[in-house]
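A short write-up of the structure that comes next.
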Amino acid sequence: MLQASFIKANKDLVINGLKKRGLKDDELALIDTIIALDEKRKNTQTQLDKLLSENKKMSDAIGGLYREGKRDEAEAMKAKVSGLKEETAALQETMRTTSATLNDHLLHIPNLPHESVPPGNTDEDNEVFKDWPNDLPDMGENALAHWDLAEKYNLIDFKLGVKITGAGFPLFRGQGAKLQRALINFFLDEAQKAGYEEIVPPLLVNEDSARGTGQIPDKEGQMYYVEKDDLYLIPTAEVPVTNILRDVILKESDFPIKLTGYTPCFRREAGAYGKDVRGLNRVHQFDKVEIVQVQHPDRSHDTLHEMLDHVEGLLQKLELPYRILRLCGGDLGSASALTFDFEVYSAAQKKWLEVSSVSNFEAYQSNRLKLRFKDADNKNKLAHTLNGSALALARIVACLLENHQTPDGIKIPEALKPYTHFDIIC
RNA sequence: GGAGAGUUGGCCGAGUGGCUUAAGGCGCACGCUUGGAAAGCGUGUAUACUCCAAAAGGGUAUCAAGGGUUCGAAUCCCUUACUCUCCGCCA
């Protein structure tokens, strides 16, 4: 979240940023409310501190009087301090409610878009940052969609997934399961080559962690919640992996911190029914390798581009046609300052599928996480966090099947063969 | 799931209601000393909020978390979380 002090000092900047996201006037009015609440909080704090200071001095004095055996004077002073109690309690209550309300408002203010973020309201306004340079692959009229290929070669059984769990929980089998495992290992090895430390994190997280990366309150309905134990199933490895750094103060020499992790991801996708959910296009459980970096604020945007290069390299090695989009203000996730989406052309469905989202959150997550570093002057500053999918499995599998289908079977890209140990699915 | 013991600063550890501003030690930083180092000596060493135009310097809070008792709580009471030991269950 943004800091109240920052909002106060940069009101116009904040309002313009939020306008770029398409926030309406009544939502923007919250900014003035926040500034006023912060002012109230400060005044209350000052008053309260003064009162507490007086109380403390008198209590110390009472102790001294007792030691000197001056009971009567001590009793008299006790009565006096007791009189201040009500006032203290009232100020404390004001402090509590003001801070809580302020904090609640702050949690609902999204991050400011980076200056390079294009204006716009929907995904149609996203800027094509890098386009597929060639003609889009034409597989001909007989090309099969991945759900048909999956059935033909017995790779994925959607019906069994429904039997065991429900819709959106595909079951991979045979060469399909092996392809899945091969991709995970390929992605993890590539991340390791790029200097990322591998993490196997917990798949359930507590409320603090979910709030730290911004899933609560913005995307609470997206997560599966285990009520009995008050835990959330992770929607992405970003949540447990980034929370490694929660409440941490780094040294400048610790930068950059580079972490990667493979995890299944669970998303409720409530209400998302219809044309885009068929096959692997949108599922409740999928596998993903995530890359996370924590970086010095001066270098985070260079790092973002380094991460884009990494993801791009993966798609090239998988020989898939892709393009990169720079998300517009209205399509940007609330915690992100700048996001690039990678889309792969799904040759049989004849449409682009999002397979990766690479974001710089700047200090937004860090402020929630209390992730700081000591700068050259030994002052604590908020670090910048970034993450990206490298890559999301289910849709990559869909695109691999569709793009690499031949009359003889599905060809495995060269880079993946050492992992699958087979050259073709047939 | 049952029983018991715990949780104090970066780390170890003392502390059973007011001479605690959390002792002492380790570590770390700087200085003195030295040909250089070690040892020794000295100084400093958290986080958040807040006051001040700023710096300097104050104030408040924080001894797992949250409540309570009290003029006053690391210390007493309640709730919760976590850790350890034993028992049960178990890959």
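Numbers restart at 1 for each chain; the letters A, B, ... are given by sequence-line order, proteins then strands. None of these values were measured; they are calculated from a predicted model.
The side-chain contact (heavy atoms from CB on, under 4.5 Å) test with Phe342(A) is passed by exactly one of Leu314(A), Leu353(A), Val355(A): Val355(A).
The pairing partner recorded for U60(B) is A48(B), the criterion being a Watson-Crick or G-U wobble arrangement whose two distances lie under 3.5 angstrom. Base-pair partner of C30(B): G42(B) (Watson-Crick or G-U wobble, both distances under 3.5 Å). In this entry C19(B) has no Watson-Crick or G-U wobble partner, no candidate having both defining distances under 3.5 Å. As the counterpart of G24(B), C12(B) is assigned, both hydrogen-bonding distances of the Watson-Crick or G-U wobble pattern falling under 3.5 Å. Applying the Watson-Crick and G-U wobble criteria (two distances, each under 3.5 Å), U85(B) pairs with A3(B). Applying the Watson-Crick and G-U wobble criteria (two distances, each under 3.5 Å), G36(B) pairs with nothing in any strand. In this structure, C76(B) forms a base pair with G68(B), meeting either the Watson-Crick or the G-U wobble geometry with both donor-acceptor distances under 3.5 Å.
By the neighbour-count criterion of 12 heavy atoms within 6.0 Å, atom CG of Asp298(A) is densely surrounded, having more than that number from other residues, nucleotides or ligands.
A donor-acceptor contact closer than 3.5 angstrom is absent between the side chains of Asn206(A) and Tyr232(A). Side-chain N/O atoms of Asp104(A) and Thr101(A) include no donor and acceptor closer than 3.5 Å. Judged by distance alone, the side chains of Gln180(A) and Asp287(A) do bring a donor and an acceptor atom under 3.5 Å apart. A donor-acceptor contact closer than 3.5 angstrom is absent between the side chains of Tyr262(A) and Glu198(A). No hydrogens or angles considered: a donor-acceptor pair under 3.5 Å links the side chains of Asn243(A) and Arg246(A).
The phosphate of A48(B) has OP1 or OP2 within less than 4.0 Å of a side-chain N or O from Asn380(A). Residue Ser53(A) has no polar side-chain atom (N or O) positioned under 4.0 Å from OP1 or OP2 of G59(B). Distances shown here put every side-chain N or O of Lys57(A) at or beyond 4.0 Å from the OP1 or OP2 atom of G59(B). Note on Arg41(A): a side-chain N or O is less than 4.0 Å away from OP1 or OP2 of U50(B). OP1 and OP2 of G10(B) both lie 4.0 Å or more from every side-chain N or O belonging to Lys251(A).
Atom name P, nucleotides A5(B) and G59(B): the rounded distance is 41 Å, in whole Å. Look at the C1' atom in both G88(B) and U79(B): the space between them is 27 Å, to the nearest Å. Of the P atoms belonging to C77(B) and A73(B), the separation is 16 Å, rounded to the nearest Å. Separating the P atom of U16(B) from that of A39(B) is a span of 35 Å, rounded to the nearest Å. Nucleotides U33(B) and G40(B) have their C1' atoms positioned 8 Å apart, rounded to a whole Å. Comparing G25(B) with G31(B), their P atoms are spaced 23 Å from each other, to the whole Å. Nucleotides C63(B) and U8(B) have their P atoms positioned 12 Å apart, rounded to a whole Å. Taking the P atom of each, A29(B) and A46(B) are spaced 15 Å apart, rounded to whole Å.
At a threshold of 4.0 angstrom between heavy atoms, the contacts of Lys56(A) are confined to the sugar-phosphate backbone, with no base atom among them. Residue-level contact check: Ile249(A) touches the backbone only, with heavy atoms under 4.0 Å from sugar-phosphate atoms and none from bases.
Checked against the 6.0 Å centroid criterion, the rings of His310(A) and Phe187(A) do not qualify as a close aromatic pair.
Both Leu52(A) and Ala61(A) lie near RNA chain B, and the one whose nearest nucleotide falls closer to the 5' end is Ala61(A). For the pair Lys379(A) and Asp49(A), both in contact range of RNA chain B, the more 5′-proximal nearest nucleotide belongs to Lys379(A).
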### Task
Report, as a single string ordered 5' to 3', how protein heavy atoms within less than 4.0 Å touch nucleotides 64-72 of chain B: B base, S sugar-phosphate only, - not at all.
---S---BS
